[in-house]
Amino acid sequence: MVADPVALQVAAELFPNGISRYAVGGLLVGLGAVVIYVGTGIPAGASTFLESTLSYVSEQSRFQQYVASRDWRVVFTLGIILGALAFAATIQSGVITTALYEPGTTGELYEVGGVTLWTTDVQAWRLLVGGVFVGIGTRIGKGCTSGHGVCGVGSASKTSLVGVLTFLTVAIVTAQTVAALGVSP
C-alpha cells in the first residue's frame with residue numbers, strides 16, 4: 001500500500017524537523033508509563049510530587065493521602081531529573097550521536113565538566129508566570145498535562161480526553177497570540 005502523498009505533505013508541514021524524533025520519544029514515554037503501571041499499579045504522573053513530599057514533614061490529612069506512594073513518587077521525580085542529566089551527559093554532549101538529535105535553536109549550549117548543558121533564552125519571569133499557571137491548571141484539572149496525555153488518554157479516560165483537548169487548544173491559541181504580538185524569548 002502506498003501512502004497518500006497529500007497526507008505526507010501535511011505531516012511534513014506539521015513536523016518540519018521530521019517526525020522520527022517525536023515518534024521515538026513518544027514510544028519511550030509510553031513504554032515507561034506502561035512499565036510503571038504494570039510494576040506499581042500507579043498511573044505515572046509528577047503533579048502530586050510536591051504534596052506527596054510534604055507528607056514527610058506535615059501531618060495534615062491533605063498530604064497524608066500520599067503516604068503509601070510518596071517514596072515511589074520521589075523516585076519517579078528523581079528519575080526524570082537523572083534522565084535529563086543522562087541525556088545531557090551522553091547525547092547532548094556528543095558522546096553518543098544520533099540523527100534524532102538536533103540542538104535547539106533557542107537558548108545556549110555550554111559545558112560544565114565535560115557535560116553539555118542548555119539554557120533557554122526565555123526570561124526567568126516568564127518561566128515563573130508560566131509555572132504558576134501550569135500549577136494552577138494542574139490542580140484545577142486534577143493532574144498534569146503529561147499524566148492526562150499519556151496515562152489518561154492511554155486508558156481512554158473521558159476526563160483526560162477533554163483535558164488534553166483543552167490543554168492543546170489553549171496552548172495553540174496562546175502560542176499563536178503570542179507570536180502574532182511579536183513576543184520573543
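Index from 1, following the sequence. Scope of the values below: all heavy atoms of this structure, side chains included, with no hydrogens, waters or symmetry mates.
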>> Are there over 12 heavy-atom neighbours, none belonging to Y22, within less than 6.0 Å of that residue's OH?
In response: yes

> Just wondering, are more than 12 heavy atoms of other shown residues or ligands nearer than 6.0 Å to CZ in F167?
Replying inline: yes

So, the side chain of [X] versus the backbone of [Y]: is there a donor-acceptor pair under 3.5 Å, distance only?
| X | Y | value |
| --- | --- | --- |
| S155 | G152 | yes |
| T97 | G94 | no |
| S52 | F49 | yes |
| H148 | V162 | no |
| S47 | T138 | no |

>> Between R73 and E51, is the salt bridge (charged side-chain N to carboxylate O under 4.0 Å, His left out) condition met? List the steps.
In response: CA-CA 10 Å; R73 293 178 194 282; E51 287 180 289; over 6 Å; no

> For T90, which residues count as a side chain to side chain contact (heavy atoms under 4.5 Å, CB included) partner, sequence neighbours excluded?
Replying inline: I96

>> In this structure, is the centre-to-centre distance between the rings of F63 and Y56 below 6.0 Å?
In response: no

>> Per the salt bridge (charged side-chain N to carboxylate O under 4.0 Å, His left out) rule, what does the pair list look like for residues 88-108, sequence neighbours excluded?
In response: R21-E102

> How long is the gap from CG on L117 to CD on Q92, to the nearest 0.5 Å?
Replying inline: 6.5 Å

> How far does CD1 of I172 sit from OG1 of T177, to the nearest 0.5 angstrom?
Replying inline: 11.5 Å

